[in-house]
Amino acid sequence: MGKNSMKTTQEWQQDKVRIVLIETSHPGNIGAAARAMKVMGLVELYLVAPKHFPDPQAIAMASGADDVLQQAKVVSHLSEAITDCHIVIGTSARSQRYLQWPLRTARECGEYIAEQDEDKKIAIIFGRERTGLSNDELDYCQSLVHIPTNPDYHSLNVAAAVQLISYEYRIHQKQTSSSPPEYNENRQELPVNQKSMEGFYQHLEKTLADIRYLDPSNPRLLMRRLRRLFGRIDIVPSEMNILRGILSAMQGRKFKTRNKKP
Ligand code: SAH
């Protein structure tokens, strides 16, 4: 189906999920991931600073999913790949980490994604072949997904991980039909996107330093905990305006007081 034609429900669902691969070393893995996506009906691939791309090995391993590769967007930093996303999910080869992020199994994650409104954009982030995701990258994620494995040998090839997570999403998708999804009139406001959340975290960090709650010489743990806290809830634009207004007030800036009598 052409890009400009009317979208089927299936395409609306495809557009909901974005696969993000970070600093993939082997171009063959990028091709294999594109193939894994396409067979499960996913098309949107972002590559953060791939070591070699485009590359003939990627095309060879894509085996007919070259359209996914051709449309893939290459960016230099994770923040660029998720700026318009409402939900960011990291993948972890380990089932436990210090200062845990909310963790789902691949099955639970597939169900969670399938349940989300169709106009929410969801990014699933996959790490480097050798070292996975850094803590700084995990800070962008509201939750993690782990594919249950042999505890003594838990690290899958990255394209295999893409395959399993895309599959779990696919089996939880509702049966597709040719009409666009129905929207619930009482549906809540769409949560703010990642760009807005990052602006908020920067403002929060600056404000906490200004009021000397945060020690700039050791800020990491506090901000990570606050990211965990705010990442657990869907903040909508009107609520974000209130939070930013409170921060500005804490910084002593003049702002228009709500409900203030003239
Ligand atoms: N030593 C690394 C393993 C990286 S494997 C680590 O411990 O993080 C490369 C990537 O494949 C991971 O970053 C993740 O995106 C994916 N992956 C591998 N095994 C996985 C698993 N069991 N569950 C979820 N994702 C997995």
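Sequential numbering from 1 along the given sequence is applied to the chain's residues. Each ligand, and each atom within it, is numbered from 1 in the order the structure gives.
With a heavy-atom cut-off of 4.0 Å, His154 touches ligand 1 through its backbone alone. Contacts of Ser155 with ligand 1, taken as heavy-atom pairs under 4.0 Å, involve both backbone and side chain. Contacts between Val145 and ligand 1, counted as non-hydrogen atom pairs separated by less than 4.0 Å, involve the backbone only. The backbone of Ser92, and not its side chain, has at least one atom closer than 4.0 Å to an atom of ligand 1 (non-hydrogen atoms only; backbone = N, CA, C, O). Proximity of Val158 to ligand 1, defined as any heavy-atom pair under 4.0 Å, is shared by backbone and side chain alike.
Any N or O atom pair closer than 3.5 Å counts here, and Ile165 shares no such pair with ligand 1. Checked against a 3.5 angstrom limit, the closest N/O atoms of Thr149 and ligand 1 fall outside it. Residue Gly127 has at least one N or O atom closer than 3.5 Å to an N or O atom of ligand 1. Checking only distances, Leu133 never comes within under 3.5 Å of ligand 1, N or O to N or O.
Taking only non-hydrogen atoms, the option from Arg128, Arg130, Arg94 nearest to atom 1 (N) of ligand 1 is Arg130.
The hydrophobic cluster around Ile171 extends to Val39, Met40, Tyr167, counting ILVMFWY residues whose side-chain heavy atoms fall within less than 4.5 Å of a member.
Of the listed residues (Arg18, Lys121, Lys195), just one forms a salt bridge (charged side-chain N to carboxylate O under 4.0 Å, His left out) with Asp84, and that residue is Arg18.
Using modelled atom types, no side-chain atom of Glu168 and backbone atom of Ala106 make a donor-acceptor pair closer than 3.5 Å.
Near Thr91, meaning under 4.0 Å from any of its heavy atoms, are these atoms of ligand 1: 14 (C), 15 (O), 25 (N). Counting atoms of ligand 1 from 1 in the listed order, those under 4.0 Å from a heavy atom of Leu156 are 5 (S), 11 (O), 18 (C), 19 (N), 20 (C), 21 (C), 22 (N). The distance from ligand 1 to the heavy atoms of Phe126 drops below 4.0 Å at these ligand atoms: 15 (O).
Remark: Phe126 engages no residue in a ring-ring contact (aromatic ring centres under 6.0 Å, His included) (not counting sequence neighbours).
At least one side-chain heavy atom of Tyr140 sits under 4.5 Å from a side-chain heavy atom of Glu198. Side-chain atoms of Leu42 and Tyr169, non-hydrogen and from C-beta on, do get closer than 4.5 Å to each other.
Under 3.5 Å, the side chains of Ser217 and Asp215 contain a donor-acceptor pair of N or O atoms.
Ionic pairing of Glu137 and Arg128 is present here: one or more N-O contacts between side-chain nitrogen and carboxylate oxygen are shorter than 4.0 angstrom.
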